[in-house]
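What follows is a short report on a single structure.
Not measured: the values here are computed from a predicted model. The basis for the numbers below is simple: all heavy atoms, side chains too, and nothing from hydrogens, waters or symmetry mates. This chain uses plain numbering: 1 for the first residue, then up along the sequence.
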Amino acid sequence: MSTLTAILDSKGRLVVPKQMRERDALEDGDLFVIDPHSEAGTITFVRVENPLVRLVAESRAEYEAGNFQSIEEVAAELGVDLDGE
């Protein structure tokens, strides 16, 4: 890939060029860490996975597949009285 450029706006935002977003499958909400120890004049961004986003997606898939129990069902299996009597 040839050199790409980005312009810093007045709010400090850099826009990742569309060609790079498509190539690397970057999406809205992706999380990046900025390396503060980069050489002078260089900014290094590292995309990281947000584990909470992954867990929510997995939980949603399990729920939609019908793999869930109500609190009452879990309590009954564990012998817990939810009425507190």
Side-chain angles (χ1 to χ4, degrees):
M1 175 180 287
S2 61
T3 302
L4 299 173
T5 60
I7 297 174
L8 184 68
D9 73 10
S10 63
K11 294 184 179 181
R13 298 175 294 200
L14 285 173
V15 175
V16 177
K18 183 177 181 181
Q19 181 181 5
M20 187 174 179
R21 292 192 314 265
E22 290 174 347
R23 182 196 71 191
D24 296 333
L26 303 180
E27 298 179 1
D28 182 37
D30 281 353
L31 181 63
F32 292 85
V33 173
I34 301 171
D35 181 356
H37 303 292
S38 299
E39 296 178 24
T42 301
I43 300 172
T44 303
F45 294 90
V46 179
R47 182 168 49 172
V48 295
E49 179 181 330
N50 183 333
L52 295 177
V53 172
R54 180 180 47 80
L55 289 172
V56 168
E58 290 173 0
S59 296
R60 179 179 220 73
E62 288 293 314
Y63 175 81
E64 290 173 354
N67 300 330
F68 66 95
Q69 292 180 295
S70 70
I71 188 70
E72 291 81 10
E73 292 168 325
V74 173
E77 284 182 12
L78 297 174
V80 175
D81 180 14
L82 294 178
D83 294 325
E85 297 176 7

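Arg21 places a side-chain heavy atom less than 4.5 Å from the side chain of Val15.
Expressed to the nearest 0.5 Å, how far CD of Glu72 lies from CD of Glu77 amounts to 12.5 Å. Rounding to the nearest 0.5 Å gives a distance of 4.5 Å between CG of Leu26 and CZ of Phe32. Taken from CG in Leu4 to NZ in Lys18, the straight-line distance is 13.5 Å, to the nearest 0.5 Å. From Asp24, atom CG reaches atom CD of Gln19 across 10.0 Å, with rounding to the nearest 0.5 Å.
Cluster membership check: Leu78 shares its hydrophobic cluster with Leu82, using side-chain heavy-atom separations under 4.5 Å among Ile, Leu, Val, Met, Phe, Trp and Tyr. Note on Leu8 and Met20: same hydrophobic cluster, where clusters join Ile, Leu, Val, Met, Phe, Trp and Tyr whose side-chain heavy atoms are under 4.5 Å apart, directly or indirectly. A chain of hydrophobic side-chain contacts below 4.5 Å, direct or via other Ile, Leu, Val, Met, Phe, Trp or Tyr residues, connects Ile34 to Leu14.
Few gaps surround CG on Leu55; more than 12 heavy atoms of other groups in view lie less than 6.0 Å from it.
Here the closest heavy-atom approach between residue Val33 and residue Val48 is recorded as CG2-CG1, 3.8 Å. Minimum interatomic distance between Pro17 and Thr5 (heavy atoms only, all atoms of both residues): CG-O, 3.5 Å.
Sorted by first then second residue, the salt bridge (charged side-chain N to carboxylate O under 4.0 Å, His left out) pairs that include residues 55-69, not counting sequence neighbours, are Arg54-Glu58, Arg60-Glu64.
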